[in-house]
Enquirer: 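What follows is a single structure, and I will ask about it in a moment.
The analysis underlying the following values was restricted to heavy atoms, covering all of them including side chains, and did not include hydrogens, waters or symmetry mates. Here is how names work: the chains are called A, B, and so on, in the same order as the sequence lines, proteins then strands, and each is numbered from 1.
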2 protein chains.
Amino acid sequence: MDLMEQETRLTESQPVPHDTAATPGTLRPGGRTAKVRRAVLDATQDALADTGFHALNMDRIAASAGVGKTTVYRRWGSPVGLVTDLLHDMAEQSLPAADTGGLTGDLRANAELVRDTLTDPRMGAVFRAVIAAAACDEECARALAAFYRTRLAEWAPVVTRAAARGEVPEGTDPVELLRAVSAPLYYRFTITHEELTGAVTERAVTAALAAARDGAFLRE
Amino acid sequence: MDLMEQETRLTESQPVPHDTAATPGTLRPGGRTAKVRRAVLDATQDALADTGFHALNMDRIAASAGVGKTTVYRRWGSPVGLVTDLLHDMAEQSLPAADTGGLTGDLRANAELVRDTLTDPRMGAVFRAVIAAAACDEECARALAAFYRTRLAEWAPVVTRAAARGEVPEGTDPVELLRAVSAPLYYRFTITHEELTGAVTERAVTAALAAARDGAFLRE
DNA sequence: CCCTTAATGGGAGGCTGGTTCCGTTAAGAT
DNA sequence: ATCTTAACGGAACCAGCCTCCCATTAAGGG
């Protein structure tokens, strides 16, 4: 990854002809640049969906995005770079949390959202790829963590409201509870590669809820 | 991956000039062959520990194992193949479960074992690689699942004993409870890449235990 | 101990993924 | 509208990964 060192260049002469082309796409994000990014990220998702991360190839992406491969190499540098940017892109599209009126329902909605996402052939493949890429690259790992931070922050109010209603102890850490719901699903998805059934989802909810009521997720 | 079909061998007739070199290393696993495997798997672990999965390279492995690269290509085929075999190797080395006399202590011992493993620089890197490889390759995913099936089976008695002592409801699914303990740790390890602190470990235990007492893991 | 042949090992060659060069296009400023 | 230059794109170039060929070594059976 070499997208990072633009500061180190050109400490030299007078005119300082602009920190030329330090990070393509950030200085002049006009219509064309944006369109290229969109095309490339879409192509990346497609590729991940049907060939997986190991087969992700810059040349192929450039071709199927209808973009010069030089551009892809310059702006993203590597397959991991593509996935990382895809992740940033995904983090921007937020979808609102549920509000069913009860914590059980809300958590169930969350668990089912996770399940549906991971079960969907396209999205499931994308998440597998992203997780694999994060295991290989620090920068990508940060992007993945940021993505989930965003997501969990959106759902946190669900728990806060429930605490106000007395469904879980006051002082329950919302993020902690939400992670407890997701964790078993992701465990199966990444480690044991089991099918994510309705029973598994439901159990994740009831177990997390039981623990929460028992005060296992009290913020300290 | 072609390491699996050795059973198909030699069900055959008289002469049949042997299914020559069907799967190198399975037909004549003499001293040299075994030594080569050991050297290669060790080299693989070393490489994973200090450069990670993305940089895993067959030629380099061959060189650092002091083995011909042809051999590595022939027997393992790809980086994923190496990791898969490493996983099979790891599954063979079992270490016994704890027995502290109480379920809380046993589960804590389990959680701390997981934590220590994932925290260890060498083993942590290996597990990251294995998870990434499993995300890329079906065969590797199966090997990973098998590894954990073995591990969990070793620890299952811990829960069975506890149920007999009345610490959790009769009919509690041991594997389900054990997975509930590990899941939050693996979630952090693979998804959010957070540090696995003692607090996280302890919370995983208490949460799983609370859920279990509440009957969330009853076998149906 | 000898024989057969599985398995290893070195090296040459091709392919594919990645880099660089330089001309072209169009974003954004005046 | 015009100009500057960021960003794109084509194509040649380079390198490292993988494969194939064949000679060599040593298991395992007699």
Enquirer: Indicate whether OP1 or OP2 belonging to C/dG9 is found under 4.0 Å from a side-chain N or O atom of B/Thr71.
Expert: yes

Enquirer: Using the side chain to side chain contact (heavy atoms under 4.5 Å, CB included) rule, pick out the option among B/Met123, B/Arg122, B/Glu112 that qualifies with B/Thr117.
Expert: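 For B/Thr117, the side chain to side chain contact (heavy atoms under 4.5 Å, CB included) test succeeds with only one of B/Met123, B/Arg122, B/Glu112, which is B/Met123.
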
Enquirer: When the distance from OH of B/Tyr73 to C1' of C/dG10 is rounded to whole Å, what number comes out?
Expert: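 Atom-to-atom, B/Tyr73 to C/dG10, this comes out as 14 Å.
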
Enquirer: With sequence neighbours left out, write down each residue that passes side chain to side chain contact (heavy atoms under 4.5 Å, CB included) with A/Thr119, or none if nothing qualifies.
Expert: A/Arg115, A/Leu196

Enquirer: Would you mind reading off the distance between B/Arg32 atom CZ and C/dG9 atom C1', rounded to a whole angstrom?
Expert: 9 Å

Enquirer: Of B/Leu107, B/Leu178, B/Leu177, which is the lone residue that meets side chain to side chain contact (heavy atoms under 4.5 Å, CB included) with B/Trp155?
Expert: B/Leu178

Enquirer: Determine whether B/Arg37 and B/Asp85 make a side-chain contact, defined as any pair of heavy atoms from C-beta on separated by less than 4.5 Å.
Expert: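 They are in side-chain contact.
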
Enquirer: Between atom CZ in B/Arg74 and atom P in D/dC22, what is the gap in whole Å?
Expert: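 Rounded to the whole Å, the gap is 14 Å.
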
Enquirer: Figure out the CG/P separation between B/Leu82 and D/dC18, and round it to whole Å.
Expert: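 Rounded to whole Å, this separation is 10 Å.
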
Enquirer: Under 3.5 Å, is there a donor-acceptor pair between the side chain of A/Thr51 and the main chain of A/Leu48?
Expert: no

Enquirer: Would you say D/dC8 has OP1 or OP2 under 4.0 Å from some side-chain N or O of A/Arg75?
Expert: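 Result: yes.
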
Enquirer: To the nearest Å, give me how far apart NZ (B/Lys35) and P (D/dT25) are.
Expert: 16 Å

Enquirer: At a heavy-atom distance below 4.0 Å, what parts of residues 51-60 of chain A sit against DNA chain D?
Expert: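 Going residue by residue through residues 51-60 of chain A, none turns out to have a heavy atom under 4.0 Å of DNA chain D.
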
Enquirer: With no hydrogens and no angle check, do the side chains of B/Tyr187 and A/Tyr148 hold a donor and an acceptor under 3.5 Å apart?
Expert: no

Enquirer: Under a 3.5 Å cutoff, is there a donor and acceptor pairing between the side chains of B/Thr197 and B/Glu195?
Expert: no

Enquirer: Tabulate protein N/O versus nucleotide N/O from nucleotides 11-15 of chain C, keeping only pairs under 3.5 Å, one per line.
Expert:
unit_1: C/dG11; atom_1: O6; unit_2: B/Thr70; atom_2: OG1; d: 3.3

Enquirer: Given the rule in the side-chain contact (heavy atoms from CB on, under 4.5 Å) test, do B/Phe189 and B/Arg128 qualify, once you have shown the distances and angles that lead to the verdict?
Expert: CA-CA 8 Å; B/Phe189 183 70; B/Arg128 263 191 212 299; 3.6 Å; yes

